[in-house]
Amino acid sequence: MGLTNNSIGIKAVDSGLIIKKQTPHDKVVALAGNPNVGKSTVFNNLTGLNQHTGNWPGKTVTNAQGYCTYKSNSYILVDIPGTYSLMAHSAEEEVARDFICFGDPDAVIVVCDSTCLERNLNLVLQTIEITSNLVVCVNLMDEAKRKNITINLNKLSERLGVPVIGTIARKKKSLHRLMQEVDNLLNSRNKNKTVQIKYTAPIEDALSVLEPVIRRKTQARINSRWLSLKLLDHDDTLIKAVNKYLKTNIIEDREIAAKLAEAKKTLSDVGITGEILRDQIVSCIVKTAETICDGVVRYENIDYDRRDRRIDRILTNRWTGFPIMIGLLLLIFWITITGANYPSQLLSDGLFWVQDRLTDVFRYFGAPDWLHGILVLGVYRVLAWVVSVMLPPMAIFFPLFTLLEDLGYLPRVAFNLDKYFKKCCACGKQALTMCMGFGCNAAGIVGCRIIDSPRERLIAMITNNFVPCNGRFPTLIAILTMFFVGFSAGPFQSVLSAALLTCVIILGVIMTFAVSRFLSKTILKGVPSSFTLELPPYRKPQIGKIIVRSILDRTLFVLARAVVVAAPAGLIIWVMANVSVGGSTLLNHCSDFLDPFAKLLGMDGVILLAFILGLPANEIVVPIIIMSYIASGSIMKLDDLSALKQLFVDNGWTWITAVSTMLFSLMHWPCSTTCITIKKETRSLKWTAVSFLVPTVVGIAVCFVFANTARLFV
């Protein structure tokens, strides 16, 4: 379909970053590296809590800036996105490249994984082509020692021509030498001669034609050899960034244009054009990395990764991989369901105790009933419900999810599901964003940033809602327990609930595949893109880091957005439940109006209206149903599931109603928090509307077919 970032609303504007210096003497240091090399650990341990995050202007890629001091000097560290290459294919690679090239950092630290140094050197070599103010941080030296890998850091530094320091980022003491080398680099006037990548003869001939004029025209403001190479490769986004940086259109310069044409002719005469040129450039970089590592890296044990390979044979096996995935999913849900009950009840009791005290305050000051109803029984009660139901499951699920991520298991999940997403003409990385959706669909949408292709990113966003978030778990679990599990206490009840919930979720995954394929063959046609999927080594998880990342970066972020949209919803729900027209409340009028259509879907008007009013937060769907059936005038809950089932049965519920409600809960519009996130990520109302309509239409169709088919056999 030829989708681009611009066509889906993501504007490719200036990706420069405004650095907030505390003093004019602060030095800016960019922190680069491949994913999974411990770059964030280096950043966090150097900056501590003295950091803030934001977005690159015009991008959906987050950045982090941190402040640290060493000796008498102060540094601003900029944690640029993890990337395998500076040959930009994605937003992450683009901003990483542009900040190193045009952000004018005083120095660059490239963090490498000591256990796969040769591959990491590809990024180091590409960075050296841009700047010589570079320090290589060879991290995870403890893992290299454990795997009997020895690295001659002095020889590596000599061959690269830049300082090389070995670190164990989890130990802050090992980072002192790193900052010492950065300090020495910035205070030294004598620069070593850095390694130069030797390209094939035709490419070197073309560079010799173009580079002299580039060097003269740019006046050393940018590395002329690197820029000449990029002009030959011709990257539109890079050329725009160069033009903005140099404040001139470099391609329109007659002398440069003439030499560029001559250099390209030199290449075309020997059949080197387009992809062939890029392949040869990459090949030369890889060969240079191999040459540098020869004699520098020594493997005492050829089978140093034997343990990882043995585990992978089980976790990625076609016969055992999927049962293990499903088993882990069941275990996580069982822990979440069981563990969230008690803190949720305590949190609910505490928040509703505060509600009673607020009521006392309103009565003390003689506030009118309608004001107390709107603010306390409406806005506050909905907020209390959302927080008490949402926070405990997220606080359990997200750390468990982050634990699997830290262990290195999630890339194995993507590996297992990659071929199935490829058959749907989608991206294997969608497996990771889909898993994030289990905790919160809004977090899953943000996670879609890792998908390079705009077309595949849209597919992942549109289908993310087919996996239920933790806000829909209470509804699904309550219905499963009441109508299909029973009320028997003990571990078997929670295990059976988790098992049935897992079956429901598998249905959601199947729908994700089906709808992804449908979109790929219709409005989002295209060929699935290839991507580099790294299977990182299994590592000991960092529990403290997991808790901080999951609670601060995910749980509280999502909860804050939910609270913002739930507050006005509480006001609307209270007004509809308490304002009467013609002897009946607005809530009853609306439910009666929706009832005929809802019956076709196996539900009733009250249930459908509850889903509509639950747009701000899925957690309030069941309370709205209870409020409507009891006609209480404010949102409420019944803790006794047997009493709740009796209430539902008295209002016409059958097993068909229960299944239809679960199906619609699984497949209906995203909550408002997710819709806002989609709008923010795509910057497009059109694609936000599509993301709203697709699961809704599918849910209506599935419920209609199920309900009317089931009635034929009753």
Side-chain angles (χ1 to χ4, degrees), residues 348 351-352 354-386 388-389 474-475 478 562-640 643-653 657 660-661 664-665 668-669 671-672:
S348 176
L351 291 173
F352 281 95
V354 173
Q355 175 191 294
D356 294 337
R357 304 292 75 77
L358 289 174
T359 298
D360 294 339
V361 171
F362 273 74
R363 287 175 179 171
Y364 178 81
F365 287 103
D369 289 340
W370 63 267
L371 183 62
H372 170 261
I374 288 177
L375 296 181
V376 178
L377 302 181
V379 174
Y380 178 81
R381 181 172 285 193
V382 169
L383 286 176
W385 183 278
V386 169
S388 63
V389 174
T475 301
V563 166
V564 168
V565 295
L571 188 150
I572 294 171
I573 292 169
W574 187 89
V575 169
M576 292 185 67
N578 289 272
V579 174
S580 297
V581 177
S584 184
T585 64
L586 293 176
L587 203 63
N588 289 336
H589 281 299
C590 292
S591 62
D592 290 342
F593 173 77
L594 293 171
D595 197 63
F597 178 69
K599 293 290 187 185
L600 294 174
L601 307 182
M603 299 180 286
D604 61 29
V606 169
I607 302 171
L608 187 55
L609 180 61
F611 278 112
I612 294 172
L613 294 178
L615 174 65
N618 289 294
E619 293 81 0
I620 61 178
V621 170
V622 171
I624 293 173
I625 294 174
I626 299 171
M627 178 186 71
S628 301
Y629 286 154
I630 298 179
S632 62
S634 64
I635 199 168
M636 64 179 298
K637 65 174 180 176
L638 292 176
D639 293 326
D640 187 351
L644 182 57
K645 180 181 179 181
Q646 189 59 50
L647 174 66
F648 286 175
V649 171
D650 291 343
N651 283 273
W653 277 55
T657 312
S660 297
T661 304
F664 199 71
S665 179
H668 73 291
W669 50 81
C671 69
S672 54

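Fair warning: this is a prediction, and the values are worked out from it, not measured in the lab.
- Panel note: side chain S665, backbone T661; no donor-acceptor pair is recorded below 3.5 Å.
- Here L586 contributes atom CG and I573 contributes atom CD1; the two are 13.0 Å apart, rounded to the nearest 0.5 Å.
- Here the shortest heavy-atom pairing between P616 and S672 reads CA-OG, 3.0 Å.
- For the atom pair CD1 (I624) and OG (S591), the distance works out to 12.0 Å, reported to the nearest 0.5 Å.
- Rounding to the nearest 0.5 Å places OH of Y380 at 8.0 Å from CZ of F352.
- Heavy-atom minimum distance, T475 versus N618: OG1-O, 4.3 Å.
- Taking the six-membered ring for Trp and thresholds of 30 and 60 degrees, F648 and W653 have nearly parallel ring planes, at less than 30 degrees apart.
- When all heavy atoms are compared, the tightest approach of A610 to V621 is CB-O, 3.5 Å.
- Listed by first and then second residue, the salt bridge (Lys or Arg N to Asp or Glu O under 4.0 Å) pairs that reach into residues 358-379 are R357-D360, sequence neighbours excluded.
- Taking CD of Q646 as the reference point, atom CG of N651 lies at 10.0 Å (rounded to 0.5 Å).
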Using a 3.5 Å cut-off and no angle test, enumerate the donor-acceptor pairs between side-chain atoms of residues 596-606 and protein atoms at least two apart in sequence or in another chain.
unit_1 : atom_1 : unit_2 : atom_2 : d
D604   : OD1    : V606   : N      : 3.1
D604   : OD1    : I607   : N      : 2.8
D604   : OD2    : Y629   : OH     : 2.7

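- Using a 4.5 Å cut-off on side-chain heavy atoms (C-beta onward), R381 and L351 make no contact.
- When every heavy atom of V581 is checked against every heavy atom of H589, the shortest pair comes out as O-NE2, 2.6 Å.
- Rounding to the nearest 0.5 Å gives a distance of 8.5 Å between SG of C590 and CD1 of I612.
- Closest approach of L587 and S628 over heavy atoms only: CD2-OG, 3.3 Å.
- Residues N578 and L377 form no side-chain contact, since every pair of their non-hydrogen atoms from C-beta on lies 4.5 Å or further apart.
- For the pair H668 (side chain) and F611 (backbone), a donor-acceptor distance under 3.5 Å is absent.
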